[in-house]
Amino acid sequence: MKQILRLLSLFATLAAFSSLSADQSNAFEEIMKKGFKSTEEKPALLKKVVDGKATKAEKAKLAEYLKKMVDLEPPKGDAASWKKKTKALVSALEKNDLNALKNAANCKACHKVHK
């Protein structure tokens with residue numbers, strides 16, 4: 001009986017861990033697709049904000065995405081580096097410093113160490 005309980009406990013722990021991992025993965029995917037990835041037909045929220053073409057609601061949605069990123073764990077790399085990069089994005093947006101936001105949103109620099 002004890003072995004069965006231990007086994008069930010192990011499965012519950014693994015299920016919770018994989019659920020958290022899946023939730024985080026889904027969050028990354030949504031944030032990257034809607035917040036950062038542009039097409040000619042549909043510019044990303046970041047591009048709209050940097051270009052000064054975003055509505056108040058779109059800016060708020062980008063702010064929500066960026067703040068959520070700060071709390072996510074990086075897929076790889078140093079967590080302190082991740083926090084620094086994501087907080088720079090949030091800070092630039094909060095200050096409405098579009099040049100700093102554009103510089104902080106350097107995809108290649110972040111993906112090189114965290115993707």
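Being a predicted model, the structure only gives us computed values, none of them experimental.
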For the pair Leu101 and Leu46, evaluate side-chain contact (heavy atoms from CB on, under 4.5 Å) and give the outcome as yes or no after the intermediate values.
CA-CA 9 Å; Leu101 180 61; Leu46 177 69; 3.8 Å; yes
Run the numbers on Asp71 and Lys83 for side-chain contact (heavy atoms from CB on, under 4.5 Å), then give the verdict.
CA-CA 8 Å; Asp71 294 329; Lys83 292 277 186 199; 4.3 Å; yes
Is the shortest heavy-atom distance from the side chain of Pro43 to the side chain of Lys48 under 4.5 Å?
yes
Met32 versus His111: any side-chain heavy-atom pair under 4.5 Å?
yes
Identify the heavy atoms of Gly35 and Ala44 that sit nearest to each other, and give their distance.
O-CB, 3.5 Å
Taking Asn106 for the side chain and Lys108 for the main chain, is one N or O donor matched with an acceptor at less than 3.5 Å?
yes
Shortest non-hydrogen pair, Val50 vs Leu98, comes out as O-CD1, 3.8 Å
Could you please spell out the steps behind the side-chain contact (heavy atoms from CB on, under 4.5 Å) verdict for Lys42 and Thr39?
CA-CA 5 Å; Lys42 185 160 175 74; Thr39 64; 3.7 Å; yes
Below 4.5 Å, heavy atoms only, C-beta onward: do Leu89 and Tyr65 meet side chain to side chain?
no
Separation of Phe28 CZ from Met69 CE (nearest 0.5 Å):
6.5 Å
Below 4.5 Å, heavy atoms only, C-beta onward: do Val90 and Glu94 meet side chain to side chain?
yes
Can you check side-chain hydrogen bond (donor to acceptor under 3.5 Å, both in side chains) on Asn96 and Lys59, steps first, answer last?
CA-CA 10 Å; Asn96 200 34; Lys59 272 187 164 181; 3.0 Å; yes
Check for a donor-acceptor pair, side chain of Trp82 on one end and backbone N or O of Cys110 on the other, with a separation under 3.5 Å.
no
Distance (rounded to the nearest 0.5 Å) between Cys107 SG and Lys115 NZ
10.0 Å
Minimum heavy-atom separation for Lys85 and Val113, please, with both atom names.
CE-CG2, 3.8 Å
When you compare the side chain of Leu93 with that of Val49, does any pair of heavy atoms fall below 4.5 Å?
yes
Say you draw a straight line from CD1 of Ile31 to CG of Leu66; how long is it, rounded to the nearest 0.5 Å?
8.0 Å
To the nearest 0.5 Å, what is the distance between CG (Asp97) and OG (Ser91)?
8.5 Å
Say whether, by atom type as modelled, one donor and one acceptor occur between the side chain of His114 and the main chain of Pro74 under 3.5 angstrom.
no
Worked check of side-chain contact (heavy atoms from CB on, under 4.5 Å) between Leu62 and Glu58:
CA-CA 6 Å; Leu62 181 62; Glu58 289 171 326; over 6 Å; no
Measure the NZ-CG distance between Lys61 and Leu45 for me, rounded to the nearest 0.5 Å.
8.5 Å
Does Glu64 come within less than 4.0 Å of Lys68, counting only side-chain N to carboxylate O?
no
